[in-house]
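All remarks here apply to the structure that follows.
Naming: A, B, ... by sequence-line order, numbering from 1 per chain.
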Amino acid sequence: MSLVGVMVLALIMGFIINRGVGLLTWDLLIGDYHPTTYNLSLPTTESLGGFARPNDLDESAFFSQMWGLGLMDDVDFEGKAVVRVIYVDAQSPLQMMRDKNNLERVVGLFPGLALEKVIFSDLTIGLSRTKAENFIILFDTHEGINDLLAVSSGNGIRGAIITTGLLIGFALMIALPIGIFSAVYLHEFAPKNNAFIHTMRKMIDTLSGVPSIVYGLMGAAVFIPFTSRISKAEGGNLFSGALTLAVMVLPIIISATIDALRAVPDDYRKASLALGANHTQTTFRIVIKSAVPGIMSAVLLSVGRMIGESAALIYAVGTAIKDHIILTEKSASLAVFIWSVMAGEVPNFELACSVAIIIMAVVLFINVLIKLVARRFTLLP
Amino acid sequence: MNTFDVRELVLTYDGKAALQHVSMNIIPKQVTALIGPSGCGKSSLLRCLNRMNDLIDGCNVEGEILFHGENIYAKNYNVYELRTKVGMVFQKPSPFPMSIFDNVAYGPRCQGINDKKTLENIVKKALVDAALYDEVKERLKESAMALSGGQQQRLSIARTIAMQPEVILMDEPTSALDPIATGKIEELIFDLKKHYTIVIVTHNMQQAARISDYTAFFLMGNLVEFNTTEQIFRQPTQAKTEEYITGRFG
Amino acid sequence: MIVKIDPEANRRTQKSKRFIWMKHSDRFMKGLLMVPTLMSASFVIFIVGFISRKGIAPFLPSVYGSERVNAFSFLSGTTWFVPPNVYGILFIVINTLYIVALSTLISVPLSVASALFVTRILPKKLQGVFKSIIELLAAIPSVIYGVFGLGIIAKSVVRLAELFHAQTAGGISTLTTIIVLAIMIYPTITMMSVAAISAVDPALEHHSLALGATKVQTMTKVTLASAKPGIFTGIILGVGRALGEATAVSMVAGNAGSGPSLMLFSTTRTLTSTMLLGLKETSGMDYDIRFSVGLVLIGVIFVSNFILAHFKKKVGRFS
């Protein structure tokens with residue numbers, strides 16, 4: 001009966017790994033979410049021919065010696081067959097194509113794109129349902145390209161990763177100083193047995209019992225108008241999100257720092273004061289230095305809490321998945337990303353689970369770090 | 001002139017009396033031992049001399065303690081200055097979690113001395129005077145936590161004398177040490193007394209008899225007898241003193 | 001006449017200047033550090049204050065005029081939204097309490113049994129492993145529980161419903177919500193129970209065994225009885241978490257329009273799912289009313305904490 005815990009954990013991890021591992025590729029991490037269509041043309045064809053097939057090219061790939069191009073059959077997220085570009089030689093003329101929408105812009109064909117349609121100079125058309133092998137044959141028998149349509153795969157989480165990083169970074173920048181100094185005041189400087197101090201502590205303790213969604217409401221009610229007024233943000237943005245997260249982790253930081261300060265032996269303080277130092281010197285030169293491992297735990301705990309946070313951010317930032325992250329606009333963090341792709345008519349389980357694997361990996365890593373820091377903490381005399 | 005003049009000192013913790021109308025003086029450049037059974041108030045008196053009792057909640061002091069004629073419990077008396085002139089060595093060495101050098105340099109740095117050369121000289125002199133320099137001169141930058149108990153205690157003494165105090169208070173400095181380390185510290189005290197006034201609290205009567213010039217015997221917050229050590233141990237005038245010394249109680 | 005500068009006096013003045021600085025820097029630092037502390041302490045007030053301001057707005061004639069929501073019908077309504085301005089929350093509160101109560105009922109026995117298992121039956125070496133597993137469960141973000149709930153629990157509930165010849169909306173139902181919540185609060189209650197049971201003096205158990213009681217009797221009558229206050233704290237924490245859980249619940253509840261939904265296979269709506277789902281605009285009545293729901297949620301958490309704390313005192317009377 002008590003193996004319930006183990007069973008449940010195994011079930012959950014098993015499920016998300018099962019559904020999600022398929023999509024875990026490097027492209028997922030650095031790719032855009034929204035598919036981009038590239039409409040390219042090639043004005044001139046110089047330097048054709050003479051390209052050698054690279055040794056590390058996948059065996060099932062087909063290579064055009066004339067263009068220095070490697071293509072492979074692949075499937076996209078929906079299971080549709082596509083022809084994927086997997087290699088473009090540095091010297092290939094395909095590196096110097098022009099964007100048909102902006103003829104000034106030079107765009108090189110790059111690996112990861114799916115070829116949709118190629119219209120060669122003699123108006124022969126290659127379509128995406130042509131297999132890679134045939135496409136290569138077409139390339140090898142033509143010397144000019146009028147039009148090339150390629151699509152980037154999308155469903156990448158680069159935007160979400162950057163958003164999450166920015167949110168956590170800014171939140172820590174705000175919450176750490178406020179939290180640490182509050183803790184230092186409460187433990188080292190505040191008068192004991194004082195009713196006012198006691199009330200303040202109680203109020204900080206209450207903060208830790210507040211559910212995430214209430215933090216979200218607060219963020220929406222307080223920080224969105226605030227940031228809108230002091231910047232050109234309109235509505236939810238990364239600053240309002242960071243501020244909301246900062247308030248959320250503040251009790252964690254204060255509590256962990258107070259624990260760390262409590263663990264510093266009083267003998268240090270006595271020795272320091274007996275040498276003629278004052279309270280400030282004692283606290284900052286000795287006590288805080290000794291409490292650093294505990295403060296590191298505080299940071300780790302906070303990051304662990306923030307990385308999975310969804311409800312608060314849905315309200316305080318928004319749910320729009322973005323590829324190009326702007327601080328004064330809304331953007332989805334990793335957890336909110338999962339929420340977004342699961343909402344709607346057809347939930348995208350695969351993508352959600354891939355992101356879930358990433359989040360869990362980070363959470364696991366943080367938990368291990370916390371244990372390591374704790375061990376080092378108790379070993380220090 | 002006496003270093004300290006204690007006048008009618010009454011000390012209470014949360015209303016409970018720890019010292020009752022104690023009056024005595026501390027003679028300069030001599031070792032004065034405070035002895036008595038547990039709870040008699042000797043440590044409390046020691047802590048009054050550098051106002052470390054201020055740190056204890058609920059502690060209340062009446063009476064006066066004059067340091068060079070000035071009452072240290074006066075309203076605007078500068079307690080930080082007092083503590084640089086009256087140093088204290090505790091029972092537990094508690095080296096700071098820093099290098100040996102930084103430990104000794106801590107006090108001077110807090111007083112604003114930051115010149116590298118000056119600090120080096122101060123640290124070296126303090127370690128030499130504390131009979132520790134030879135043992136650590138190769139590893140000044142290493143952590144102080146790696147030293148043995150006896151070495152750590154001598155480090156505490158070095159830390160204190162780096163401040164160039166006049167008085168060194170010692171609260172049971174050898175209770176936590178083995179006999180060899182204890183012996184080294186006692187030897188050190190003999191040397192130190194040439195330059196510093198020393199007040200030592202000890203529950204070890206033999207130690208008091210060995211190293212002190214003057215002894216004060218306390219019982220339940222009262223100063224029972226204060227005299228030269230020779231007098232106290234050979235011909236105590238109070239019956240209680242004799243009982244304590246001969247081991248009949250405490 | 002040459003005025004001699006007395007170096008000793010100079011040093012004395014320098015020293016006393018320094019010592020005055022030391023005293024004042026302490027006072028300054030104390031004052032300086034009070035600022036972030038006051039900030040931290042005041043956030044609670046901010047939260048309640050600003051949410052109240054937005055949450056009361058829908059009911060105020062000054063804000064919404066004739067379109068305002070009637071507070072009484074809001075608090076007693078059994079349909080969430082009847083255009084243009086009728087909102088009802090009573091059924092949602094009932095749903096929420098119903099779901100949380102059932103989740104707690106499922107989770108507590110499992111948690112306590114697990115805690116007993118980990119602390120009393122498991123060999124020391126494995127105890128650390130189990131504790132880590134439970135800590136990991138506690139660290140899983142809600143959204144992932146939501147995905148899991150939709151993926152596995154919902155599907156299982158569909159199959160279960162077929163057994164009973166009942167209809168479900170793809171597994172999105174009250175039962176799914178209850179199960180997901182029970183799983184989510186299980187680690188919280190277990191961890192607190194482990195701490196509480198570990199704190200029980202083993203001497204008590206030895207006495208009990210020495211008096212002839214069996215291991216089971218000892219565990220139930222003595223160990224658990226002593227650990228009751230701690231276990232109860234765990235329950236209070238668990239209930240608090242369940243009441244406030246938004247993301248996972250929103251993914252598996254379904255957000256039924258009216259209710260209350262007491263049938264296990266029907267969709268349901270909780271206070272948190274109301275707040276999180278159907279967000280279309282970020283201003284206006286529909287948006288502001290969610291703050292009102294938030295206020296009700298805060299109220300429910302507050303009251304339940306209060307009641308449970310009261311119970312805890314009664315339960316811990318003999319500890």
Side-chain angles (χ1 to χ4, degrees), chain A residues 1-2 4-6 8-9 11-12 15-16 19 177-179 181-182 184-186 189-190 199-201 203-204 206-207 209-215 217-218 220-222 235-236 247 250 254 278-280 304 307-311 314 335 338-339 342 347 349 352-353 356 359-360 363-364 367, chain C residues 22-23 25-26 29-30 33-34 36-47 50-51 53-54 110 113-114 117-118 130 133-137 139-144 146-148 150-152 183 186-187 190 240-241 243-247 251 272 275-276 279 282 290-291 294 297-298 301:
Chain A
M1 173 147 69
S2 339
V4 162
V6 184
V8 169
L9 183 66
L11 251 177
I12 297 181
F15 172 67
I16 67 173
R19 298 295 286 266
I178 299 181
F181 289 132
S182 299
V184 168
Y185 176 76
L186 284 173
F189 284 86
T199 322
M200 283 212 278
R201 277 203 192 219
M203 286 173 52
I204 295 178
T206 331
L207 266 183
V210 174
S212 317
I213 187 150
V214 175
Y215 278 113
L217 289 182
M218 176 205 71
V222 180
V247 180
L250 198 59
I254 295 180
N278 67 3
H279 229 76
T280 311
I307 201 153
E309 184 46 52
S310 46
I314 292 175
I338 297 184
W339 166 265
M342 292 292 290
F349 272 96
C353 288
I359 295 183
M360 283 314 297
V363 167
L364 196 64
N367 270 23
Chain C
M22 288 190 102
K23 193 155 56 145
S25 78
D26 268 357
M29 187 58 63
K30 194 169 165 180
L33 289 180
M34 246 223 262
T37 315
L38 280 171
M39 272 179 84
S40 307
S42 59
F43 276 122
V44 181
I45 305 183
F46 267 126
I47 294 179
F50 276 91
I51 296 181
R53 194 152 72 123
K54 257 193 136 72
L110 287 174
S114 302
F117 179 72
V118 171
F130 261 79
I133 291 181
I134 294 177
E135 277 166 17
L136 199 58
L137 272 176
I140 298 181
S142 350
V143 72
I144 296 185
V147 173
F148 174 68
L150 268 183
I152 300 236
I183 297 178
Y186 164 82
T190 307
R241 185 166 183 205
L243 284 171
E245 177 45 53
T247 319
M251 288 165 90
T272 48
M275 289 195 269
L276 211 52
L279 257 183
T282 52
R290 287 151 206 278
F291 287 80
L297 177 66
I298 293 177
I301 295 181

>> Tell me the closest heavy-atom pair linking C:M29 and A:F189, and the distance in Å.
In response: CG-CZ, 3.8 Å
>> Please rank C:D26, C:T247, C:V44 by heavy-atom pairs under 4.5 Å with chain A and give me the top one.
In response: C:D26
>> Between A:L9 and chain C, with a heavy-atom cut-off of 4.5 Å, which part of the residue counts as in contact: side chain, backbone, both or neither?
In response: both
>> Using a 4.5 angstrom heavy-atom cutoff, name the option from C:M34, C:M39, C:K54 with the most pairs to chain A.
In response: C:M34
> Taking every heavy-atom pair that is under 4.5 Å apart, which of C:S40, C:G244, C:P141 has the most such pairs with chain A?
Replying inline: C:S40
>> Looking at every non-hydrogen atom in both residues, tell me the closest pair between C:I51 and A:M218 and how far apart they are.
In response: CD1-N, 4.0 Å
>> Less than 4.5 Å to any heavy atom of chain A: does that hold for the side chain of C:I183, its backbone, both, or neither?
In response: side chain
> OG/A:S310 to CG/C:L276 distance, rounded to the nearest 0.5 angstrom?
Replying inline: 7.5 Å
> Does the side-chain contact (heavy atoms from CB on, under 4.5 Å) test come out yes or no for C:F50 and A:L217, once each step is laid out?
Replying inline: CA-CA 9 Å; C:F50 276 91; A:L217 289 182; over 6 Å; no
>> For the interface with chain A, which of C:I301, C:T190, C:L137, C:I298 has the highest count of heavy-atom pairs at distances below 4.5 Å?
In response: C:L137
> Measuring from A:I213:CD1 to C:L243:CG, what's the distance to the nearest 0.5 Å?
Replying inline: 13.0 Å
>> How long is the straight-line distance from CD1 of C:I140 back to CG of A:L364, given to the nearest 0.5 Å?
In response: 10.0 Å
> Highest number of heavy-atom pairs under 4.5 Å with chain C: which of A:L207, A:I254, A:V184?
Replying inline: A:L207
>> Please find the pair of heavy atoms, one from A:C353 and one from C:V147, that lie closest to each other, and give the distance.
In response: SG-CG1, 4.0 Å
> Excluding sequence neighbours, so at least two apart, what forms side chain to side chain donor-acceptor pair (under 3.5 Å) with C:T37?
Replying inline: none
> CE/A:M342 to CE/C:M251 distance, rounded to the nearest 0.5 angstrom?
Replying inline: 4.5 Å
> How far apart are the C-alpha atoms of C:Y186 and A:V8, what are their side-chain angles, what is the distance that settles it, and do they pass the side-chain contact (heavy atoms from CB on, under 4.5 Å) test?
Replying inline: CA-CA 10 Å; C:Y186 164 82; A:V8 169; over 6 Å; no
> So what's closer than 4.5 Å to chain C heavy atoms on A:F181: side chain, backbone, both or neither?
Replying inline: both
>> Using heavy-atom distances under 4.5 Å, tell me whether A:I359 contacts chain C through its side chain, its backbone, both, or neither.
In response: side chain
> Nearest 0.5 Å, what's the CD1-CE distance between A:I314 and C:M275?
Replying inline: 12.0 Å
>> For A:V247, which atoms come within 4.5 Å of any heavy atom of chain C: side chain, backbone, both, or neither?
In response: side chain
>> Shorter than 4.5 Å, heavy atoms on both sides: which option in C:I134, C:L297, C:L150 has the most such pairs with chain A?
In response: C:L150
> For the candidates C:K23, C:R53, C:E135, which exhibits the highest count of non-hydrogen atom pairs separated by less than 4.5 Å from chain A?
Replying inline: C:E135
> Excluding sequence neighbours, so at least two apart, what forms side chain to side chain contact (heavy atoms under 4.5 Å, CB included) with A:L11?
Replying inline: C:F148, C:I152
> Nearest heavy-atom pair of C:F291 and A:A220: which atoms, and what distance?
Replying inline: CZ-CB, 4.1 Å
